[in-house]
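Chain naming here is simple, since letters A, B, ... match the order of the sequence lines and numbering starts at 1 in each.
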Amino acid sequence: MSTEVTAPAGVVIEDLHKSYGDNEVLKGISVTVNPGEVVCLIGASGSGKSTLLRCVNRLEDPNSGRITVGEFEATDPDVNLDAMRRQIGMVFQQFNLFPHLSVLENCTITPRRVLKQPKADAERGAMHQLELVGLDHLADRRPAQLSGGQQQRVAIARALTMKPSLMLFDEPTSALDPETVGDVLGIMRNLATAGMTMIVVTHEMGFAREVADRVVFMDQGVVVEEGPADEVIGSPSQPRTQDFLRRVLNPLGE
Amino acid sequence: MALSNRDRARLSLGIQAGIFVAILVALILIIDWGAVRRSFFDLENVSGMFPEVITIGLWNTVQYTFFGFLFGLLGGTVLALMRIASFPVYRWIATIYIEFFRGIPAILVFIALGFGASLAFGLNLSTLQTASAALAIVGSAYIAETIRAGLQAVPKGQMEAARALGMPAWRAMVTIQIPQAFRIVLPPLTNEAILLTKDSSLIFVVGMAGSAAELTKIGRDGILQYGAGMTPLVVAGACYLLITVPLSILARRMEERSPGKSSRRRGKKKATESPVTAGVK
Ligand SMILES: Nc1ncnc2c1ncn2[C@@H]1O[C@H](COP(=O)(O)OP(=O)(O)OP(=O)(O)O)[C@@H](O)[C@H]1O
Ligand SMILES: [Mg+2]
């Protein structure tokens, strides 16, 4: 049993700028992600990774630059944002499940209310996705009754019920207890294998090396280095990348 | 000086208990219980108030309050949404309305509607319409602030998750944010209903026919009618308590098991979790 990915979308980001007041957070970012490719975004806290990710589905409005996602021009002022977002799944660090709805309802509410799927169809689709993340037996629970790892798996299932062609992950395992991280990463790896286009902000270097086609290292709003995972993580060429990786891989600084 | 904190606390408790007992004894000795009974609890002479105080007075009070609250809730929700709208003109209008009607005594609104509406617009409002409209106008200003606070108490990530799934803003509002805010504001809204129940008495300034009389009117008229001193007011007051105390208990129950509490607990857990995982990564 595995995920079907129908039409993975490519993402092109060109010269993207974003400021909060006087604070320029993204200073001309250009990144291309091919359909079906997995790109991991790494970088220090505050370097602008979340902001970049949130510009892609327009939870943030960039100041200038261009983003295209599949056939959508995300930065076009006239783009149908809701239609575009239906093609883009997003997974948050804090899960953001809807606490007043059951696990199943979390997964059916958008297909039913937005895609107007009949209840039975939406539930069949949702149960299928919950099975894939191994949580169909918890469909009737409330999110608060689940562990962090289980909640994040539900969040992934919820995003996949919309049959997206691109998945964005913003530090999906950073709020998890260490023993549940593996389950979530495993599901993400399956999704990658199934051919999903994925942009993943993560500090899990093991995952990046194993799953990512490419790694992009950001620092202070610019892309410092990008390339195959083994190169960027294994033998980085830029001093800032080397410094960052030294701190991440060896936090105590020995 | 040699007293420990514990001794001091005990001493203070003892002194308080002593004062309390002294006051109680003084009250029992000083007060003319016969007079109190005659002017406040002369229940034999007010038996004529029944059943009208219930079938008319209590019933009208409940009706005025119910419709006032219902329309106040509708108006308050609209005002709250305007208050957090991105279009500034909406925000200004809502803010002015809220500040105005929270800032003036409710009785002015009753007077304005009771007398002004017919003078200015030739409207002939019934007592039910006047009372409910006045309560709705005043109540919506308070309810708007309660609901706004509730909407803003829903974590931002909820709206973001809904929008990221492709829900239009109004749909995310209706299916995600408002239901969660509603649970948060249920206890304070119940308190609002209690305040409106009491404010419904202000309709007395306008005057009303006997069949439209609410509790306070019936209590006031009873003072003249029964020669039982203030007892009719005590009866009316007891009837108010019949409405407000259950509401109050309801509000407290909901506060105890409100989702806000559990989510706060969850929030704390997360706050202690993240530094741990931050150290691991
Ligand atoms: N809504 C906002 N308003 C103002 N400043 C913001 C806002 N969101 C982010 N910033 C600022 O933008 C900068 C980049 O933030 P961002 O969240 O993109 O970093 P990040 O790389 O995701 O960091 P982390 O690893 O801590 O998540 C930070 O300096 C942050 O303070
Ligand atoms: Mg971030």
> Who in residues 103-119 of chain A is close to chain B, using a strict under-4.5 Å heavy-atom cut-off?
Replying inline: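 Counting heavy atoms that sit under 4.5 Å from chain B, the residues of residues 103-119 of chain A involved are A/Ile109, A/Thr110, A/Arg113, A/Val114, A/Lys116.
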> Heavy atoms under 4.5 Å from chain B: which residues of residues 49-60 of chain A carry them?
Replying inline: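 Checking residues 49-60 of chain A against chain B gives A/Arg54, A/Asn57, A/Leu59.
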> Counting heavy-atom pairs under 4.5 Å to chain B, which of A/Met162, A/Met205, A/Arg158 comes out on top?
Replying inline: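 Top option by heavy-atom pairs under 4.5 Å: A/Arg158.
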>> Counting heavy-atom pairs closer than 4.5 Å to chain B, which one of A/Ile88, A/Leu81, A/Leu168, A/Leu97 comes out on top?
In response: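 The candidate making the most pairs under 4.5 Å is A/Leu97.
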Counting neighbours of [atom1] on [X] that are heavy atoms of other residues, nucleotides or ligands and sit closer than 6.0 Å, is the number greater than 12?
X: A/Tyr20; atom1: OH; value: yes
X: B/Phe204; atom1: CZ; value: yes
X: B/Tyr90; atom1: OH; value: no

> Among residues 58-82 of chain B, which ones touch chain A with a heavy-atom distance under 4.5 Å?
Replying inline: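 When heavy atoms of chain A are the reference, residues 58-82 of chain B contributes no residue within the under-4.5 Å range.
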> Which of residues 156-179 of chain B have a heavy atom under 4.5 Å from any heavy atom of chain A?
Replying inline: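 Within residues 156-179 of chain B, the residues under 4.5 Å from chain A are B/Gly157, B/Gln158, B/Glu160, B/Ala161, B/Ala162, B/Arg163, B/Ala164, B/Leu165, B/Gly166, B/Met167, B/Pro168, B/Arg171, B/Thr175, B/Ile176, B/Pro179.
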> What part of A/Phe92 lies closer than 4.5 angstrom to a heavy atom of chain B: side chain, backbone, both or neither?
Replying inline: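 Only the side chain of A/Phe92 comes within 4.5 Å of chain B.
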